[in-house]
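By convention in this document, chain letters (A, B, ...) are assigned in the order of the sequence lines, proteins followed by strands, and residues within each chain are numbered from 1. Note that these values count all heavy atoms, side chains included, but never hydrogens, waters or copies made by symmetry.
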Amino acid sequence: MPELPEVETYRRFLNEVILHQAIVALEVRDAHVLGTPEDVLRENLVGRQVTATRRIGKNCFLELSSGQVLALHFGMSGDVGAYRHDHDAPRFTRVALHLADGLRVAFIDPRKFGRIRLTESVAHYQQAKKLGPDALDVTATQLQQRLSPKKTILKPLLLDQSITAGLGNWIVDEVLFQAKIHPERRANTLVTAEFEALHAAIQLVLTTAISHEATYRHFPASFLIHARGWDESATPGTEKHLFCPKHSKTKIAKSYVGGRATYVCPRCQPEPVKSE
DNA sequence: ACCCTTGTTTATGA
DNA sequence: ATCATAAACAAGGG
């Protein structure tokens with residue numbers, strides 16, 4: 001689930017539990033999630049402390065007292081947790097930082113697409129990974145500048161972390177629904193008012209999601225996410241509320257855009273005409 | 001047993 | 001150079 005709102009929620013959690021405390025041990029339960037060799041990581045972590053936390057898009061950073069930075073990416077299924085006793089370690093804990101006061105901070109990742117690596121600075125990492133401006137910082141003008149030269153369809157561009165960092169699959173669908181723009185519109189056909197609507201929708205969706213700590217069930221009824229069928233009966237074909245939150249008679253359409261599952265209200269988000 | 005999945009990287013071909 | 005597509009990564013859960 002980790003898109004920007006989840007990662008921001010993780011960052012705030014880490015900021016609460018880990019700041020200004022000596023790291024006394026690095027426990028590696030599965031080295032697969034390490035993007036830096038275990039011994040190098042241990043050398044740079046043990047005896048140091050985290051002085052600040054940062055986030056760009058879906059990446060979380062722990063700034064260390066050594067000046068180095070620990071970069072966390074959560075892949076498809078990453079999470080964080082804290083525990084005190086070994087037998088209380090969350091299931092799928094892959095790595096844990098042991099703190100001076102006995103608390104252990106867990107990097108949890110069932111599917112192991114996440115990575116923990118050391119980097120010299122946040123700026124260096126941002127450049128190396130080609131991350132664009134964070135989705136919460138990007139302005140309507142910047143969006144227009146970055147998107148309008150492109151003739152390709154909008155949704156894959158919004159998922160592209162080098163254009164703007166932090167938007168994932170469901171958020172893009174939610175943003176486009178709130179902005180009333182079809183995901184297959186060509187980016188160069190959007191008018192200024194639509195870039196402004198896009199920007200407003202990004203702000204709305206991200207701030208709403210963060211304020212609910214990314215718990216989907218608590219999102220407003222006006223959100224498309226409730227039509228994705230993630231709740232209760234998630235068996236394909238048996239999804240429950242498949243109707244538009246604004247047009248209770250209009251069924252939400254599911255398709256694949258850029259190879260990703262995509263949900264659209266055909267009435268709120270009219271399909272582009274062929275000439276576009 | 002089969003199909004789906006929130007992300008990113010890489011290969012391949014147009 | 002740009003773009004589209006698919007596969008790969010790994011594994012849980014329906």
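If you check every strand for non-hydrogen atoms under 4.0 Å, A/Gly259 touches nothing. Among the heavy atoms of the strands, none lies under 4.0 Å from A/Lys130. The residue A/Phe74 sits apart from the nucleic acid: no heavy atom pair falls under 4.0 Å.
Rounded to a whole Å, the NZ atom of A/Lys129 is 10 Å from the P atom of B/dT8. The distance from atom CZ of A/Arg260 to atom C1' of B/dG7 is 7 Å, rounded to the nearest whole Å. Going from atom NZ of A/Lys150 over to atom P of C/dA1 covers 13 Å, rounded to whole Å. In this entry the distance linking CE of A/Met76 with P of B/dT9 reads 14 Å, nearest Å. Here B/dT6 presents its P atom at 14 Å from CD of A/Glu174, a figure rounded to the nearest Å. The CD1 atom of A/Ile108 sits 16 Å away from the P atom of C/dA11 (whole-angstrom rounding). The distance between atom CZ of A/Phe113 and atom C1' of B/dT10, rounded to the nearest whole Å, is 14 Å. Rounded to an integer number of Å, the gap from NZ of A/Lys155 to C1' of B/dG7 is 13 Å.
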Evaluate the criterion side-chain contact (heavy atoms from CB on, under 4.5 Å) for residue pair A/Ile225 and A/Trp170; output intermediate values, then yes/no.
CA-CA 7 Å; A/Ile225 193 167; A/Trp170 81 256; 3.6 Å; yes

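The partner of B/dT6, taking Watson-Crick or G-U wobble pairs whose two distances both stay under 3.5 Å, does not exist in any strand shown.
Relative orientation of the A/Tyr216 and A/Phe219 rings is perpendicular, given thresholds of 30° and 60° on the angle between their planes.
A close approach under 4.0 Å does not occur between any side-chain nitrogen or oxygen of A/His73 and OP1 or OP2 of B/dG7. Distances shorter than 4.0 Å separate some side-chain N or O of A/Gln161 from OP1 or OP2 on B/dT8. The phosphate of B/dT5 has OP1 or OP2 within less than 4.0 Å of a side-chain N or O from A/Tyr256.
A side-chain donor-acceptor contact under 3.5 Å links A/Ser66 to the backbone of A/Gln68.
Nearest to the side-chain atoms of A/Lys58 among the listed nucleotides C/dA11, C/dA4, B/dT8 stands B/dT8. Of the candidates C/dC3, B/dG7, B/dT5, the closest approach to any side-chain atom of A/Ala261 belongs to B/dT5. In the set C/dG12, B/dT6, B/dC4, the nucleotide with an atom closest to the side chain of A/Phe92 is C/dG12. Closest to the A/His32 side chain, of the nucleotides C/dC9, B/dG7, B/dT5, is C/dC9.
Between C/dA4 and B/dT6, the distance separating the two C1' atoms is 22 Å to the nearest Å.
For the residue pair A/Asn15/A/Thr53, the side-chain donor-acceptor check at 3.5 Å is satisfied.
One finds no salt bridge joining A/Arg115 and A/Asp109 here, because no Lys/Arg side-chain nitrogen approaches an Asp/Glu carboxylate oxygen to under 4.0 Å.
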